[in-house]
Participant: 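Quick one: the structure is below, questions incoming.
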Amino acid sequence: MTNETTQNASASSNTDVKIIGDLEFPKRKVWIKTYGCQMNYHDTERMLSHLNELNFSHTETKEDADLLIYNTCAIRDLANQKFYSHLGNAKHDKKEREVKVAAAGCIAQTESKELLKKYPQLDFAFGTDVIDNVGDLVYRAYAGDKKFSVTSWDRSDNYSIETKITHGSPQAFVNIIKGCDKFCSYCIVPFTRGREKSRSITEIVNDVARMCEHQGIQEVTLLGQNVNSFGKKNGESLAELIMELEKIDKLKLIRYTTSHPYDISDELIAVHGKSKKLANHLHLPVQSGSNSVLQRMLRQYSIEHYLERLARLREANPDIVISTDIIAGFPNETEEEHRDTLKLLDAAQYDFIYSYNYSSRPGTKAARMKDILTKDIRGRRLREIQQYQLDIQEKIRQEMEGKTYRVLVEGKSTMKGVTKWKGRTSCYRIVHIESDENLQWNWVDVKVTSSTALSSQGEIVQVLGRNF
Ligand code: 5AD
Ligand code: SF4
């Protein structure tokens, strides 16, 4: 799930000058560039909230900012290259005005020393496990500390935080587990995010209840690299957490991401059947349709196991839709192994997929494999996977026509010069709705009038309002 933008959230600063410790903090502005996954976007939001206490407000205009933070992603080489090029440009900002520049997140976690050496414009760098210390680090920078990095790990099996929200929407991301113990052979995440650590159910339930009561939250997405491992080290489980969250009156919809097929338990599948608030959608990354590739990826499951889990989920909740992640061109993938992935697309009937070319990540097991595949072969296989899925998706989405879905309206979108409202169903599909009413953050029942692989149109059946 990758996209890239500066954070939309805004934090408001309070006083003209704040005295903190030995320093004066006048009103200043921070600009944060976020790369990568929802976890990073969430971390950015946390940073904005902490920096608000140091009198920083958020700006989306880099030229206005006193502090530039790059919240980096290391999952594929492309993300790295983009960051290096953007950081290169920060040289001009540094020349033109008094500005501090920091690198945070996954690349900073593993490469902070090299970055500080190579880029004179970089003042400091910090890793993924000290995001909540951003206030102390910025204080150090303004106190005159130069060229420092902090990439320490919290080594415990659990952790404790309060979710920070700096936006006014009814949707919130809630971190429930961080890190990953899986060590899939292609993946850098266990090196950049560390070992799995969970929050407690009690803390999360109190946190969500508070946000629903005082901040108007109605939908939560429980976040983690492998949320299915949630609570394992503390004798708790994701299934239990969902059933506890379900009891919060004002909470209407619960999502979670991202999952590992090995850890989808029977108990969790049963919750998909009985929960009234869990979304009709599950993102279940498969990565490849070939058992031999899955073995080389160290994924710990077979395609047979994966399809059995899908069948059980669909039995528990016939309305559930499934999406996935696929990597095209894992080292030495044969044509036959590639064709197995196309066959899997037929068997699994995904609602949508995120697909990527394999990218070698230094330090991972796959990076040490001798690889005979060329860039052209990888590119061609990725295109084949995407086209094959689009044809399947087109048919699946056409079945929406004539059916009514409850959507939460998230905003407006303009296509071919026509502006419509854009709402998301419980099964995570976007539906476009024509209406002159202000529907922002309203729940609306919508009948789908037409649907292609990528976009659906609907007409209003009834507007339920912001709270119903
Ligand atoms: N190359 C390509 N894709 C990768 N992903 C993770 N590591 C790599 C890599 N080295 C993909 C996986 C994962 C998603 C978040 O990113 O599909 O599920
Ligand atoms: Fe990476 Fe595998 Fe962990 Fe997912 S489960 S974050 S792919 S190591």
Side-chain angles (χ1 to χ4, degrees), residues 1-4 35-42 72-82 105-107 109-110 128 175-198 221 223-230 232 238 256-264 282-290 293-301 306 309 322-333 338 341 344-345 348 350 352-369 371 373 375 377-379 381-382 385-386 389:
M1 249 172 268
T2 60
N3 52 35
E4 178 194 321
Y35 305 80
C37 65
Q38 284 165 335
M39 200 75 70
N40 266 15
Y41 281 84
H42 184 75
T72 62
C73 168
I75 199 107
R76 281 171 289 276
D77 190 47
L78 197 65
N80 288 50
Q81 296 311 327
K82 271 188 195 162
C106 289
I107 301 179
Q109 180 67 46
T110 52
T128 51
N175 258 322
I176 62 165
I177 175 169
K178 56 182 179 178
C180 183
D181 289 354
K182 283 278 183 281
F183 286 95
C184 300
S185 63
Y186 52 82
C187 187
I188 195 84
V189 167
F191 304 95
T192 61
R193 292 268 171 183
R195 299 290 63 73
E196 284 171 2
K197 293 182 244 326
S198 298
T221 303
L223 275 188
Q225 255 78 35
N226 176 13
V227 282
N228 312 115
S229 283
F230 167 80
K232 268 190 185 161
L238 179 61
Y256 64 84
T257 196
T258 191
S259 289
H260 190 293
Y262 178 83
D263 293 318
I264 292 277
L282 177 64
H283 188 69
L284 194 56
V286 67
Q287 312 300 357
S288 167
S290 151
V293 172
L294 287 177
Q295 269 176 16
R296 303 207 293 282
M297 287 178 163
L298 303 179
R299 287 291 285 178
Q300 300 177 308
Y301 55 85
Y306 183 89
R309 295 284 89 181
I322 311 286
S323 55
T324 205
D325 290 347
I326 290 180
I327 298 176
F330 186 76
N332 306 316
E333 181 190 66
H338 165 60
T341 296
L344 171 77
L345 297 180
Y350 293 114
F352 63 91
I353 64 168
Y354 296 114
S355 50
Y356 315 95
N357 267 144
Y358 168 76
S359 167
S360 176
R361 310 313 299 127
T364 61
K365 283 212 170 106
R368 294 195 286 278
M369 293 174 186
D371 180 17
L373 288 193
K375 201 171 161 213
I377 293 177
R378 284 204 167 93
R381 288 185 187 166
L382 181 63
I385 288 167
Q386 290 172 340
Q389 169 61 21

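Note that ligands are numbered from 1 as they come in the structure, with each ligand's atoms numbered from 1 the same way. Index from 1, following the sequence. A quick note: this is a predicted structure, and the numbers were derived from the prediction, not measured.
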Participant: When the aromatic ring centroids of Tyr301 and Tyr262 are compared, is their separation below 6.0 Å?
Facilitator: no

Participant: Heavy atoms only: which of Thr324, Thr258, Asp325, Thr364 lies closest to atom 15 (C) of ligand 1?
Facilitator: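 Answer by nearest heavy atom: Asp325.
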
Participant: About how many Å separate CE of Met39 and CG of Asn175, when rounded to the nearest 0.5 Å?
Facilitator: 5.5 Å

Participant: Verify the distance test for Cys180 against atom 3 (Fe) of ligand 2: any N/O/S atom under 2.8 Å, yes or no.
Facilitator: yes

Participant: List ligand 1 atoms under 4.0 Å from Tyr358, heavy atoms only on the residue side.
Facilitator: 1 (N), 2 (C)

Participant: Enumerate the atoms of ligand 1 whose separation from the nearest heavy atom of Asn357 is less than 4.0 angstrom.
Facilitator: 1 (N), 2 (C)

Participant: Assess whether atom NZ of Lys365 is packed by more than 12 heavy atoms of other residues, nucleotides or ligands within 6.0 Å.
Facilitator: no

Participant: Counting each atom of ligand 1 from 1 as listed, which ones have a heavy atom of Arg361 under 4.0 Å away?
Facilitator: 10 (N)

Participant: Testing the 3.5 Å rule here: is there a donor-acceptor pair between the side chains of Ser355 and Gln386?
Facilitator: yes

Participant: Val293 versus Ile327: any side-chain heavy-atom pair under 4.5 Å?
Facilitator: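 Result no, sub-4.5 Å side-chain heavy-atom pair not found.
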
Participant: Drop me the distance from Thr128's OG1 to Lys178's NZ, to the nearest 0.5 angstrom.
Facilitator: 7.5 Å

Participant: Heavy-atom contacts with Lys182 under 4.0 Å: which atoms of ligand 2 show up? List them by number with element.
Facilitator: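 Under 4.0 Å from Lys182, ligand 2 has these atoms: 3 (Fe), 5 (S).
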
Participant: Please check if the number of heavy atoms outside Phe191 that lie under 6.0 Å from its CZ is greater than 12.
Facilitator: yes

Participant: Give the atoms of ligand 1, by number and element, whose distance to some non-hydrogen atom of Arg76 is under 4.0 Å.
Facilitator: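 Selected atoms, number and element: 1 (N), 2 (C), 3 (N), 4 (C), 5 (N), 11 (C), 16 (O).
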
Participant: Which of the numbered atoms in ligand 1 are under 4.0 angstrom from any heavy atom belonging to Tyr356?
Facilitator: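 Taking each heavy atom of Tyr356 in turn, ligand 1 has 3 (N), 11 (C), 14 (C), 16 (O), 17 (O) under 4.0 Å.
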
Participant: Can you sort out which atoms of ligand 1 are near Gln287, meaning under 4.0 Å from one of its heavy atoms?
Facilitator: 12 (C), 13 (C), 17 (O), 18 (O)

Participant: For ligand 2, which atoms have a heavy atom of Pro190 less than 4.0 angstrom away?
Facilitator: 8 (S)

Participant: Give the residue, atom name and distance (to 0.1 Å) of the protein heavy atom nearest atom 1 (Fe) of ligand 2.
Facilitator: Cys187 SG, 2.3 Å

Participant: Can you name the atoms of ligand 2, numbered from 1 with element, that are less than 4.0 Å from a heavy atom of Tyr186?
Facilitator: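 By the 4.0 Å cutoff, the relevant atoms are 7 (S).
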
Participant: Check ligand 2 against His260 and write out every atom of the ligand that is under 4.0 Å from a heavy-atom position of the residue.
Facilitator: 5 (S)

Participant: Under a 3.5 Å distance rule, please check whether Arg378 uses its side chain to pair with a backbone N or O of Gly329 as donor and acceptor.
Facilitator: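 Yes, the answer is positive, given that a donor and an acceptor are paired below the 3.5 Å cut-off.
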
Participant: Applying a heavy-atom cut-off of 4.0 Å, say which part of Arg299 lies close to ligand 2: side chain, backbone, both or neither.
Facilitator: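 For Arg299, the contact with ligand 2 is made by the side chain alone.
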
Participant: Give the single entry among Leu298, Asp181, Val189 that approaches atom 6 (S) of ligand 2 most closely by any heavy atom.
Facilitator: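 Among Leu298, Asp181, Val189, the closest heavy atom to atom 6 (S) of ligand 2 belongs to Val189.
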
Participant: Which ligand 2 atoms are under 4.0 Å away from a heavy-atom of Gln225?
Facilitator: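 That gives atoms 6 (S) of ligand 2.
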
Participant: Ser259 and side chain to side chain contact (heavy atoms under 4.5 Å, CB included): which partner among Asn226, Thr324, Leu284?
Facilitator: Leu284

Participant: Please could you name the atoms of ligand 2 that Phe183 approaches to less than 4.0 Å, counting only its heavy atoms?
Facilitator: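 Ligand 2 atoms under the 4.0 Å threshold to Phe183: 8 (S).
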
Participant: To the nearest 0.1 Å, how far is atom 2 (Fe) of ligand 2 from its closest protein heavy atom, and which atom is that?
Facilitator: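 Protein heavy atom at minimum distance: Cys184 SG, 2.3 Å.
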
Participant: Between Thr192 (side chain only) and Gln109 (backbone N and O only), is there a donor and an acceptor less than 3.5 Å apart?
Facilitator: no

Participant: Answer yes or no for Arg296 and Phe330: cation-pi contact, defined as NZ/CZ to six-membered ring centre under 6.0 Å and angle to ring axis within 45°.
Facilitator: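 Output no; distance or angle outside limits.
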
